[in-house]
Visitor: 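Mind looking over this structure? Questions follow.
Because the structure is predicted, anything quoted here is derived from the model rather than measured. For ligands, and for the atoms within them, numbers begin at 1 and follow the listed sequence. What's counted below: heavy atoms across the whole structure, side chains too, no hydrogens, waters or symmetry copies.
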Amino acid sequence: MKKVIIGTNWKMHKTIDEGKVYSQKISEIYDKLNEENIQLFFIPPHTSLVPIKEQMNPKIWLGAQNMHWEEEGAFTGEISPLMLKEIGIDLIELGHSERRQYYNENDSDLNKKVHAALKFNITPLLCIGETLEHKNHGISKEILSMQLKVCLHGVSEDQVENILIAYEPVWAIGAGSIEAEPMYVHEIHDNIRQVLVELFPKTGHDIPILFGGSVNGRNAVSYLKGPQVNGLFIGRSAWDLEKFELILRDVKDYISRN
Ligand code: PGA
């Protein structure tokens, strides 16, 4: 039976109070859903991590949106893996396209962050994705392969078992973007799997690959039909819990039919 990992990054949304309400409600929805083949996670802004951790449903993973690779130092405005470990988060989102676009994060920085996360036993959720320009030039697969090779450089077969990949085409993310065709997503996921197996012959088959970018109630299950699509990474459609609950129910139905 297919196991599916589903989660959301809140980006720069929700105050602490709003976040606590969300976390309480999503916990009730998840318990009611009662589907062990769906693993849920959510990723609030840093300010909400401590208060939410205190009331967190232990079955749900809690993540942070970014961190520095050093444990401490003169890096004003940054937060370290040691600090996040102290909070007790489960995963760290690395390389979201907005971080790459607005804060100049590059694959070499991300490689350092991946190693830092692994050192502290925090699961990296590594985001990769091509721009529309890359896609139009027909080089999506090359770009994604390059991102994987640089970001995962020096990671061992054993360590990679604790990594999640999110494929998020930059052109499919956020308001006003283009919804990706499921066929395209399935093909790209197959290709990402090939690269992972090439890099990690023993464990590459088992690394979960999530899809993100304008996932909604209409298209969620169609993406999951791809054999190498192991989960969904959702923005806007998961911030509204009524919409998110419907997606989770559809995914549960889909799992029970397969
Ligand atoms: P979206 O965001 O679902 O709102 O397009 C996805 C993301 O940024 O991960």
Visitor: So Ile247 and Ser237, do their side chains get closer than 4.5 Å, heavy atoms only?
Guide: yes

Visitor: If you have a sec, work out which protein heavy atom is nearest atom 4 (O) of ligand 1 and how many Å separate them, to one decimal?
Guide: Arg236 NE, 2.6 Å

Visitor: Tell me, which pairs form a salt bridge (Lys or Arg N to Asp or Glu O under 4.0 Å) where one or both residues lie in residues 192-213, sequence neighbours left out?
Guide: Lys149-Glu198

Visitor: Measure the distance from atom 9 (O) of ligand 1 to every protein heavy atom, then report the residue, atom name and distance (to 0.1 Å) of the closest one.
Guide: Glu168 OE2, 2.6 Å

Visitor: Against heavy atoms of Gly235, which atoms of ligand 1 measure under 4.0 Å?
Guide: 1 (P), 2 (O), 3 (O), 4 (O), 6 (C)

Visitor: If we only count N/O pairs under 3.5 Å, is Lys11 in contact with ligand 1?
Guide: yes

Visitor: Do Tyr22 and Trp10 make the cut of ring centroids closer than 6.0 angstrom?
Guide: yes

Visitor: Is the closest heavy atom of Asn9 to ligand 1 under 4.0 Å?
Guide: no

Visitor: Clusters formed by hydrophobic residues whose side-chain heavy atoms approach within less than 4.5 Å: which one holds Leu210, and what are its other members?
Guide: Ile5, Phe41, Ile43, Trp61, Leu91, Leu125, Leu164, Phe233

Visitor: Give the numbers and elements of all ligand 1 atoms closer than 4.0 Å to a heavy atom of Gly174.
Guide: 1 (P), 5 (O)

Visitor: Pull out every atom of ligand 1 sitting under 4.0 Å from any heavy atom of His96, numbered as shown with elements.
Guide: 7 (C), 8 (O), 9 (O)

Visitor: If only side-chain N and O atoms count, and only distance matters, is there a donor-acceptor pair under 3.5 Å linking Asn66 with Lys113?
Guide: yes

Visitor: Closer than 4.0 angstrom: is that true for some heavy atom of Ser214 and an atom of ligand 1?
Guide: yes

Visitor: I'd like to know if the side chain of Trp171 pairs up with that of Thr131 as donor and acceptor (distance under 3.5 Å, no hydrogens or angles considered).
Guide: no

